[in-house]
Enquirer: 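Here you go, one structure.
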There are 2 protein chains.
Amino acid sequence: MARSASALRGQILESALRLFAVHGFRGTSLQDIASDAGCSKASLLYHFAGKEKILTELLTPARDALATLLDRVAGLAGGRLVEEAVTGYVDLALRYRREIRLLFEDIAEMSCHQDLGVLELADGLLDALAGRSQQAPARVAAWMVLGAVFITSATDDEVAPDEVLRAEMIRSALRTLDHTPS
Amino acid sequence: MARSASALRGQILESALRLFAVHGFRGTSLQDIASDAGCSKASLLYHFAGKEKILTELLTPARDALATLLDRVAGLAGGRLVEEAVTGYVDLALRYRREIRLLFEDIAEMSCHQDLGVLELADGLLDALAGRSQQAPARVAAWMVLGAVFITSATDDEVAPDEVLRAEMIRSALRTLDHTPS
DNA sequence: ACCATAACTGTCCGATCGGTCAGTTCTGAC
DNA sequence: GTCAGAACTGACCGATCGGACAGTTATGGT
């Protein structure tokens with residue numbers, strides 16, 4: 001049944017990306033990918049030296065795109081630097097959305113499989129951060145604050161002392177939400 | 001050696017939280033926790049119905065704190081709502097830093113174990129977003145943009161059409177960075 | 001037609017892990 | 001001291017998973 005090499009390889013990568021994005025990397029077995037791609041598990045390991053290599057190949061384009069972006073802004077400074085970095089990063093993140101999603105699915109599955117709905121709570125927080133607005137700009141900004149605080153909190157403490165970190169996070173978040181102090 | 005029930009239970013939770021935060025939930029086995037807590041794996045499962053239950057118990061305080069926060073801001077509106085939601089969320093995130101970190105460690109380990117250094121690239125992006133500044137406010141804001149775009153990109157597409165999402169993400173990010181258009 | 005090689009597969013293996021269970025040790029009430 | 005029950009443990013089990021390997025099938029060049 002031997003298809004041309006590139007065909008099955010591509011199919012495997014496609015299946016892997018989709019399954020990883022749904023069940024996470026650890027939540028997807030080689031057999032899952034093989035079944036989805038319509039080949040045997042052994043065939044997977046003929047094309048890829050191991051499960052990790054599949055992930056590597058999947059993430060490499062995004063990695064390279066990021067490297068390219070950094071090269072492009074290397075010579076810039078000031079306002080231009082920030083603008084280019086931001087737009088470049090946003091475009092890159094949207095382009096490689098599925099790749100990013102696969103990185104998160106593991107933790108999403110973990111948070112949700114809990115007995116207690118964290119999802120509704122997150123929705124509630126989102127509503128509050130958006131000031132109960134249903135408009136897209138407010139919703140997007142609320143999502144961004146949600147993620148920003150979440151990730152920044154997970155950061156190593158070396159970025160700033162706790163008190164500074166707290167104050168700056170609040171100020172940054174309020175700016176993100178376009179909030180004018182009352 | 002039977003210590004009092006609460007003592008070992010607490011020790012187990014403490015060990016689990018620390019190990020989860022370092023190696024992730026899936027990256028930590030019951031035996032790892034048991035060894036760290038100084039008891040047998042069977043003893044773990046005497047105190048907790050399963051591995052998931054340990055995680056649940058670890059995350060429950062943070063979940064409850066979030067629920068309390070949402071209750072507190074339920075009656076608010078406008079500027080007060082946003083301010084209270086933001087400060088409350090930031091305080092909560094910092095208080096439960098280790099719990100948040102454990103959710104991330106799985107993906108951190110996944111991204112870094114790659115053959116190719118994503119870490120240096122992230123550092124480079126961070127520098128660019130901070131406008132090459134080493135000041136704490138700029139660094140914190142850069143971290144927040146990094147996380148904000150990352151998470152928002154992983155969001156379901158239902159929040160906004162792609163073009164709107166892109167435009168709002170860029171505008172929000174620039175606000176976060178306190179960037180005045182040139 | 002032939003054959004070297006790439007493509008592919010069924011089967012087996014070792015390791016790991018979460019969880020069970022029967023049995024042992026400790027503790028506190030009487 | 002005794003005894004009931006909580007606390008704890010060693011040994012074992014079934015399932016899963018990533019990977020190895022020998023063998024089979026398809027392909028393309030001559």
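Values in this document were obtained by computation on a predicted structure and should not be read as measured data. Every chain is numbered from 1 and lettered A, B, ... according to where its sequence line falls, protein lines coming before strand lines.
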Enquirer: Could you check whether B/K41 makes a cation-pi contact with B/Y46, meaning its NZ or CZ is under 6.0 Å from the centre of the six-membered ring and within 45° of the ring axis?
Expert: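 No cation-pi geometry.
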Enquirer: Can you measure B/Y46 atom OH to C/dG19 atom P for me and round it to whole angstrom units?
Expert: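 In whole Å, C/dG19 P lies 18 Å from B/Y46 OH.
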Enquirer: Give B/S29 one of three labels, base, sugar-phosphate or nothing, depending on what nucleic acid heavy atoms sit under 4.0 Å from its own.
Expert: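 Sugar-phosphate contact only - B/S29 comes under 4.0 Å of backbone atoms but never of a base.
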Enquirer: Between the protein and nucleotides 20-23 of chain D, list every N/O to N/O distance that falls short of 3.5 Å.
Expert:
none

Enquirer: Flag the pair B/E83 and B/R80 as a salt bridge only when some basic side-chain nitrogen lies within less than 4.0 angstrom of an acidic carboxylate oxygen.
Expert: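 No, no charged N to carboxylate O under 4.0 Å.
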Enquirer: Run the salt-bridge test on A/K53 and A/E57 with the 4.0 Å N-O cut-off and return the result as yes or no.
Expert: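 A salt bridge is absent here (no side-chain N lies under 4.0 Å from a carboxylate O).
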Enquirer: Do any pairs count as a side-chain hydrogen bond (donor to acceptor under 3.5 Å, both in side chains) and have a residue in residues 130-150 of chain A, sequence neighbours left out, and if so which ones?
Expert: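 The answer is A/D127-A/R139.
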Enquirer: Given atom CZ of A/R26 and atom C1' of C/dT16, what is their separation to the nearest angstrom?
Expert: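 Going from A/R26 (CZ) to C/dT16 (C1'), I get 14 Å.
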Enquirer: B/L30 has an atom CG; how far is it from atom C1' of D/dG10, in whole Å?
Expert: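 These atoms are roughly 16 Å apart.
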Enquirer: Of the nucleotides C/dC8, D/dT9, D/dG18, which has the atom closest to the A/L8 side chain?
Expert: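 For the A/L8 side chain, the nearest candidate turns out to be C/dC8.
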Enquirer: Checking side-chain hydrogen bond (donor to acceptor under 3.5 Å, both in side chains) between B/S15 and each of B/D32, B/T28, B/D36, which is the one that passes?
Expert: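 Only one of B/D32, B/T28, B/D36 forms a side-chain hydrogen bond (donor to acceptor under 3.5 Å, both in side chains) with B/S15, namely B/D36.
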Enquirer: May I ask you to decide whether A/R97 forms a salt bridge with B/D162, counting only side-chain N to carboxylate O separations under 4.0 Å?
Expert: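 Counted as a salt bridge, because a side-chain N and a carboxylate O are separated by less than 4.0 Å.
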